[in-house]
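What follows is one structure encoded as structure tokens, with my remarks underneath.
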Protein chains: 2
Amino acid sequence: MHTQNLINIIADQLPELNKSESKVAQVILADPDRATSSSIAALAKAAGVSEPSVNRFCKRFNAAGFPDFKLKLAKALVSGVRFVNRNVDPEDDVSSYTPKIFDSTINNLAMVRDRISHSIVNQVVDKLIQAKRIYFFGLGASGSVARDAENKFFRFNLPVSFHDDVLMQRMLASTGGTGDVFFFISHTGRTKEVVEVAEIAKANGSTVIGLTAPDSPLASISSVTLEVEVPENTDEYMPMTSRIVHLVILDVLATGVTLRRGPDFLPHLEKIKNSLKSTRYIKDS
Amino acid sequence: MHTQNLINIIADQLPELNKSESKVAQVILADPDRATSSSIAALAKAAGVSEPSVNRFCKRFNAAGFPDFKLKLAKALVSGVRFVNRNVDPEDDVSSYTPKIFDSTINNLAMVRDRISHSIVNQVVDKLIQAKRIYFFGLGASGSVARDAENKFFRFNLPVSFHDDVLMQRMLASTGGTGDVFFFISHTGRTKEVVEVAEIAKANGSTVIGLTAPDSPLASISSVTLEVEVPENTDEYMPMTSRIVHLVILDVLATGVTLRRGPDFLPHLEKIKNSLKSTRYIKDS
DNA sequence: CATCTTTATGAAATTTTCTTACAAATTTGC
DNA sequence: GCAAATTTGTAAGAAAATTTCATAAAGATG
């Protein structure tokens, strides 16, 4: 499991801190970048606590002392993951909402990165490699993800297709059988049409893979489920980030397949890349 | 343009440093990680120079002093490790390549987050709000992005469509005119078909927006360009992350449009959300 | 090659920053 | 309501960093 980001660790621990430690935490979380460049005295003053309290705070988070803590904080900031709960609000202008949306996406990715089951990724790669045919199915926003997956997996010389048409999906599911892989992408895992099609595929002996929410009907039907838990979209203004997480997971799967294929396969990928060259204007410089 | 890594800067400057500064540089380059956690005294001793020499060295590299220098060095190390040493290599297993792919995506997002021009985002939001019609065009992987954009902007009650068919694109571009917005998505900005269609759109008086690489043919044609610079995909195994960056930028634009529409518009979004409810299995719990 | 000028360097003092020890205050358990 | 445990701050002192200034080295000039 990936080491959690210091900032998130602090945020997580927040409720368990005592009064002065929590004051320190709040000041740091409010502007971590500033914290890295202030002295212990300045930070103590900003938090309204004594210097030793700040020092104790640092030690609580496994730092040798304040300077060491600052160093760790600085590193945590670079890794790009910032503090979570920054919702877009109606008063925001471009320079507020733009980073907020990036940050929220980044945070969700970091969360899934730390939680995704590697053994399940491996199982799915197995299934994909052994597949006689692969179908990527999704509706609405997940349709775009499915389409992207087709574009990606097509390069592996696998018989792959994507469908965002429910009737098409239904027909294909009912004509499939052993060796066929039906890969369902769904944010909620509760869309009736999707679940029904998955049931049909399953009934015909095909392998059903779900890239979806845990504890959903789709998850329970799937032969293997890649569980993605992205916080519900409570804020009206926040975009749905699950699509993006799904895309990255498909990137991971594609990489898994490439690696499993071994180095002999690279020339094939190169060939596909080159086939596009003639469609482009040459880069000067 | 990517800011040069501090370590590389030091290495580059090496020949121009004087005797004691160069000693300091060598010690730091030999073990930069150690340098971040040693005191000025320790480093001075290791380099066989005086403490002020180390201090002067730090100031030479635009640091406020030694502690500030250590901070910058620490940051450089983190980003260095991620960019240089985090490529997927053929020996990787699931638990290595999975976080690597997430990290590389996260890094690219963080980079664009810090570099994207807010004023251009604003300009694009303006154009989208005023548009009589919006067309999202993309080919290949960018086609999926365009499709996702349609799905997203459709909710704004704007006449929007997406096309990944070159002939369709061509026809629409030539029938468009003032008030129409053609939004082109392209990783390279050099695909001939895309550039040609953009030229046609432009010639007919439509607004052309490019979500693409800077200094590309597409960028130079566009009325407004959202420049996205994602490091070239040199590693055979690394997936292309520009798609994901593009999606997030479209999320930003959509948020901008929602905010500009004001709170009166929220019921409309709510209505669309609700329209999907009946298609889902209810969540128990 | 002597002398002046510039530049580089370090010793020591000063200042800033951090840590520790301990006592006061607060909370908790009984 | 009192003792123990925990939390917090004061103040001292230790450590680290910076500045000042003197000296040494290198370079320029006649």
Side-chain angles (χ1 to χ4, degrees), chain A residues 6 9-77, chain B residues 6 9-77:
Chain A
L6 180 57
I9 294 176
I10 296 174
D12 284 354
Q13 291 276 315
L14 205 54
E16 277 139 58
L17 298 176
N18 48 38
K19 224 183 288 175
S20 52
E21 282 177 336
S22 125
K23 281 189 210 164
V24 176
Q26 277 164 26
V27 171
I28 292 173
L29 292 176
D31 192 349
D33 212 32
R34 184 199 187 82
T36 59
S37 56
S38 30
S39 69
I40 193 168
L43 195 68
K45 200 179 161 198
V49 300
S50 69
E51 297 180 26
S53 290
V54 176
N55 195 276
R56 280 188 286 260
F57 174 90
C58 298
K59 288 185 172 165
R60 193 183 214 283
F61 290 96
N62 299 315
F66 183 67
D68 184 45
F69 178 83
K70 283 200 289 189
L71 220 69
K72 288 186 166 144
L73 189 63
K75 286 184 182 173
L77 284 175
Chain B
L6 181 56
I9 295 175
I10 296 174
D12 285 356
Q13 291 277 313
L14 205 54
E16 277 139 60
L17 298 176
N18 50 39
K19 223 183 287 175
S20 53
E21 282 177 336
S22 128
K23 282 188 209 164
V24 176
Q26 277 164 27
V27 171
I28 291 173
L29 291 176
D31 191 350
D33 210 31
R34 184 200 187 80
T36 60
S37 56
S38 33
S39 71
I40 192 167
L43 196 68
K45 199 177 162 201
V49 300
S50 70
E51 298 180 24
S53 290
V54 177
N55 195 272
R56 280 187 286 261
F57 173 90
C58 297
K59 288 184 174 166
R60 194 184 213 284
F61 289 97
N62 299 315
F66 184 68
D68 185 45
F69 177 83
K70 283 201 289 189
L71 223 70
K72 289 188 166 141
L73 188 63
K75 286 183 180 175
L77 282 175

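By convention in this document, chain letters (A, B, ...) are assigned in the order of the sequence lines, proteins followed by strands, and residues within each chain are numbered from 1.
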N/O donor-acceptor pair under 3.5 Å between B:K72 side chain and B:F61 backbone: no
Do A:K70 side-chain atoms and A:S38 backbone N/O form a donor-acceptor pair below 3.5 Å? yes
Are A:V54 and A:F69 close enough that some pair of their side-chain heavy atoms sits under 4.5 Å apart?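 Sidechains of A:F69 and A:V54: no contact.
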In whole angstroms, how far is the [atom2] atom of [N] from the [atom1] atom of [X]?
{"X": "B:R56", "N": "D:dT20", "atom1": "CZ", "atom2": "C1'", "value": "11 Å"}
{"X": "B:N55", "N": "C:dA8", "atom1": "CG", "atom2": "C1'", "value": "15 Å"}
{"X": "B:L43", "N": "D:dA15", "atom1": "CG", "atom2": "P", "value": "19 Å"}
{"X": "B:E51", "N": "C:dT14", "atom1": "CD", "atom2": "C1'", "value": "13 Å"}
{"X": "A:K70", "N": "C:dC18", "atom1": "NZ", "atom2": "P", "value": "5 Å"}
{"X": "B:F66", "N": "C:dT15", "atom1": "CZ", "atom2": "C1'", "value": "18 Å"}
{"X": "B:E21", "N": "C:dT7", "atom1": "CD", "atom2": "P", "value": "14 Å"}
{"X": "B:K45", "N": "D:dA16", "atom1": "NZ", "atom2": "P", "value": "13 Å"}

Is the shortest side-chain N/O distance from B:S53 to OP1 or OP2 of C:dA8 below 4.0 Å? no
Could you tell me whether the phosphate oxygens of D:dA25, OP1 or OP2, come under 4.0 Å of any side-chain nitrogen or oxygen in B:K19? no
Checking all strands, does A:K23 fall into the base, sugar-phosphate, or nothing category for heavy-atom contacts under 4.0 angstrom? nothing
NA contact type, B:V49, heavy-atom cut-off 4.0 Å: base, sugar-phosphate, or nothing?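 Sugar-phosphate, no base atom in range.
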Pick the nucleotide of DNA chain D nearest each of A:S20 and B:P52; which residue has the one closer to the 5' end?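 Per heavy-atom nearest nucleotide, the more 5' residue is A:S20.
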Mapping B:A41 and A:N18 onto DNA chain D by nearest heavy atom, which one lands closer to the 5' end?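 Between the two, 5'-proximity favours A:N18.
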Once you round to the nearest 0.5 Å, how far does CG of B:L43 lie from CD1 of B:I28?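 Spacing of CG (B:L43) from CD1 (B:I28) equals 5.0 Å.
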Rounded distance (nearest 0.5 Å) linking atom CZ of B:F57 with atom OG of B:S20: 10.0 Å
